[in-house]
Amino acid sequence: MRTLVVLAAAFLFRASATETLLPGFNEDEAYAARNAARFATGAEQLEPLRLYPHGISQALLGGFQPGFFYAWPATVLRLAGWSRTAWRLASILPSVAMVLLLYPLGARLLGERTAFLAALFLAVSRWHASDGRWGWVVVFATLLSLAGMLLVGTAVRMSRPCPALLGAALLGLAVPCYGAAAPPALASALLLLVPRPKPKLLAAWVTGLSLGLVPLIVAALSQPEALLARARAASVVSDAGSIALVPLFLAGNLIHYAGLFLVSGDPLAWHTLDRTPALDLASGLAFLAGLGLVLRRPSRPSRLLALVLLCAPLLAGLLAQVTDAPNQYRVGLAAPATALLAASGVLAAARLLRGRVREARFLPAAALLASFGLNAYFLFVRWPSSPGAFDGYGGRYTTLAADVENLHAAGIPVVVSPAAVPDRLCLDVAMARSLADAASAGTRGRLPYGWAWQAPGGAALIASASDPRGTPRLDRWGRVLYRVVAPSGRP
């Protein structure tokens, strides 16, 4: 019964109202979906150990994922067909799986009550749920990292090398998928070293990590430039421009990430609403209580696990560029840690108050209900009412795709100006109705349209919002998205 409650909460916050909350594809998503569709249709052969470009900004910022990583969304699309909902399943399913890793699978390691409450805090977390609706790149990598970390923790609890080997292999496998998985992979060794070294488990951990890093080693030997491109572009060193300035930029990152949880959050519109803290007030206060509890005796295995899960991903954030800090997406593995600490904190507070306040036993339920309500309001009320979310998730492209379809159905040729929407691939993905359509995005759309600055006679032109001609196309906030210039001789 408890597992069903956890599942229901996780799916409610990740799978409901998807079309309303995410009106289209964000730019990186559109490119990744096109790549996955090409692999799903066989238009491009998938090589498991080859690095493939990912994201709209890959030419500037790098960004490459291994073929075995793309095998997951390609398989989902092959089984479910093409739609925005099908594409989002590639993110939703591993996000829900992360919740289930805490409960019921983590109950033996963490304790029944702590694991159940932590899973519910994670299920309703706006941080984890918003990333879990679309961010398959990070969500899949953090699923591997979380599973690996829990297995290493289980190895310590049971004094068995097999879970350490398997856990380290998963942690290593996550590294080429997303570079921010490297600090957690290395930091997991602390679980085997504190409070005293465990030689047999360490040997298994080294063996497993070596096996998991094989794809990374292959990429380093065959595609070193592609492997290092993103790290070079998105590192704090790149931002600083000079080694002498790196300490200053690190201090700036430290301030940003310290405020991520309850003060000022991610600045990117497709990650969350502008600067919204990653945690709601209820789970945030419980998290602070749990963090204080852990810092008192950090060497206990379960507490050390939570601390490593929290600090290792944040280290990845500290070493990354300051431009988009604090980036909740980049440090997504810290979300399960905040849920674990929130559960520990609220349960400890309830025990502390039990003899003084008669209603103290209801404190965990009250904190959870408050977190549920605050995050539901954020995701289902505030989020869809934000123009930033509309812009970040390609609402302009989805609206334009519908207008192109309507004009085409009326027998009117259409020309889209690059000034109206800057990226043809994003428009083609928005118009796609099949895997074949999505696979050809950027070169050939489902419907024929011209891509030029001016339209020939007899064709409608989709012009920029600043163009003085035509009828303005407004969004729900009254902003002009673009203008539709009717063909000559038509109203």
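In this chain, numbering begins with 1 at the start of the sequence shown.
A donor-acceptor pair is defined here as one N or O able to donate and one able to accept, closer than 3.5 Å; no such pair exists between the side chain of N26 and the backbone of G394. Listed for the Y257 side chain is a donor-acceptor partner under 3.5 Å among the backbone atoms of N327. The backbone N or O of A430 sits nowhere less than 3.5 Å from a side-chain atom of R84 that would complete a donor-acceptor pair. S371 contributes no side-chain N or O that, together with a main-chain N or O of A367, makes up a donor-acceptor pair within less than 3.5 Å. Side-chain atoms of Q223 come within 3.5 Å of backbone N or O of L51 as a donor-acceptor pair. Put simply, the side chain of S130 gets close to the backbone of R126: a donor and an acceptor are under 3.5 Å apart. Looking only at distances, no side-chain donor or acceptor of R396 sits under 3.5 Å from a matching main-chain atom of F390. At distances below 3.5 Å, at least one donor-acceptor pair connects side-chain atoms of S434 with backbone N or O atoms of D437. Under a 3.5 Å cut-off, the side chain of D280 and the backbone N or O of L374 do not form any donor-acceptor pair. Judged by distance alone, the side chain of N253 and the main-chain N or O of A320 form a donor-acceptor pair under 3.5 Å.
With 3.5 Å as the limit, one finds no donor-acceptor pair spanning the side chains of D324 and Y329. Between the side chains of N35 and Y70, at least one donor N or O sits under 3.5 Å from an acceptor N or O. D403 and Y482 share a side-chain donor-acceptor pair at under 3.5 Å.
Atom CG of L190 sits about 9.5 Å away from atom CG of L307, to the nearest 0.5 Å. Distance check, rounded to the nearest 0.5 Å: CG of L315 to SG of C311 gives 9.0 Å. Here the OG1-CG distance, from T338 to L309, works out to 10.0 Å after rounding to the nearest 0.5 Å. The structure places CD of E44 at 8.0 Å from CZ of R34, a figure rounded to the nearest 0.5 Å. L347 CG to L293 CG: the interatomic distance, rounded to the nearest 0.5 Å, is 10.0 Å. Interatomic distance, CG of D239 versus CG of L245, reported as 11.0 Å (0.5 Å rounding).
With a 4.5 Å cut-off on side-chain heavy atoms, F68 and L46 do not count as touching. In this structure, the side chains of R2 and V5 stay at 4.5 Å or more apart for every pair of heavy atoms. Put simply, the side chain of Y397 does not reach to within 4.5 Å of the side chain of V429, judged on heavy atoms. Using a 4.5 Å cut-off on side-chain heavy atoms (C-beta onward), L474 and R479 make no contact. A 4.5 Å side-chain heavy-atom check between M149 and L305 finds at least one atom pair inside the cut-off. Looking at heavy atoms from C-beta onward, V6 lies out of side-chain contact with L122 at the 4.5 angstrom threshold. At least one side-chain heavy atom of L291 sits under 4.5 Å from a side-chain heavy atom of L310. At least one side-chain heavy atom of W134 sits less than 4.5 Å from a side-chain heavy atom of W270.
Under the 6.0 Å cut-off for aromatic ring centres, Y52 and F39 qualify, their centroids lying closer than that. Between W383 and Y377, the gap from one ring centroid to the other reaches at least 6.0 Å. In this structure, H271 has its ring center no closer than 6.0 Å to that of W127.
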So L12 and V124, side chain to side chain contact (heavy atoms under 4.5 Å, CB included) or not? Walk me through it. CA-CA 8 Å; L12 172 67; V124 304; over 6 Å; no
Would you sort out whether W72 and L93 count as a side chain to side chain contact (heavy atoms under 4.5 Å, CB included), showing the intermediate values? CA-CA 11 Å; W72 164 246; L93 293 178; 4.1 Å; yes
Please report the C-alpha distance between F121 and L279 in whole Å, then the side-chain angles of each, then the deciding distance to 0.1 Å, and finally whether the side chain to side chain contact (heavy atoms under 4.5 Å, CB included) criterion is met. CA-CA 10 Å; F121 272 125; L279 302 180; over 6 Å; no
Worked verdict on S466 versus S464 for side-chain hydrogen bond (donor to acceptor under 3.5 Å, both in side chains): CA-CA 5 Å; S466 60; S464 70; 3.2 Å; yes
Walk me through it: do E112 and Y103 pass the test side-chain hydrogen bond (donor to acceptor under 3.5 Å, both in side chains)? CA-CA 8 Å; E112 176 76 20; Y103 188 87; 2.6 Å; yes
Run the ring-ring contact (aromatic ring centres under 6.0 Å, His included) test on F372 and F13 for me, step by step, so that the C-alpha distance in whole Å, both residues' side-chain angles and the decisive distance to 0.1 Å come before the verdict. CA-CA 10 Å; F372 181 99; F13 276 77; 5.3 Å; yes
Can L250 and L319 be said to form a side chain to side chain contact (heavy atoms under 4.5 Å, CB included), step by step? CA-CA 7 Å; L250 285 173; L319 297 176; 4.2 Å; yes
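Applying the side chain to side chain donor-acceptor pair (under 3.5 Å) rule to R14 yields the partners S95, H128; only residues at least two apart in sequence or on another chain are considered. Not a single ring-ring contact (aromatic ring centres under 6.0 Å, His included) links F11 to another residue, sequence neighbours left out.
Below 30°, between 30° and 60°, or above 60°: for W87 and W136 the angle between ring planes is above 60°, a perpendicular geometry.
When all heavy atoms are compared, the tightest approach of L268 to D266 is N-OD1, 2.8 Å. When all heavy atoms of V308 and S188 are compared, the closest pair comes out as CG1-N, 4.4 Å. Heavy atoms only, all atoms of each residue included: L425 and D423 are closest at N-OD1, 2.9 Å. Annotation for P472 and R483: closest pair CD-NH1, 3.6 Å, computed over non-hydrogen atoms. Residue L171 comes nearest to S145 through the heavy atom pair CD2-O, 3.4 Å, listed as atom of the first residue, atom of the second, then distance. Counting all heavy atoms, side chain and backbone alike, A115 lies closest to L102 at CB-O, 3.2 Å.
The environment of CZ in R113 is sparse: at most 12 heavy-atom neighbours from other residues, nucleotides or ligands sit within 6.0 Å.
In this structure, R133 does not pair ionically with E29, as no charged nitrogen and carboxylate oxygen lie closer than 4.0 Å.
Geometrically, R88 engages F25 in a cation-pi contact, judged by NZ or CZ lying under 6.0 Å from the ring centre and within 45° of the ring axis.
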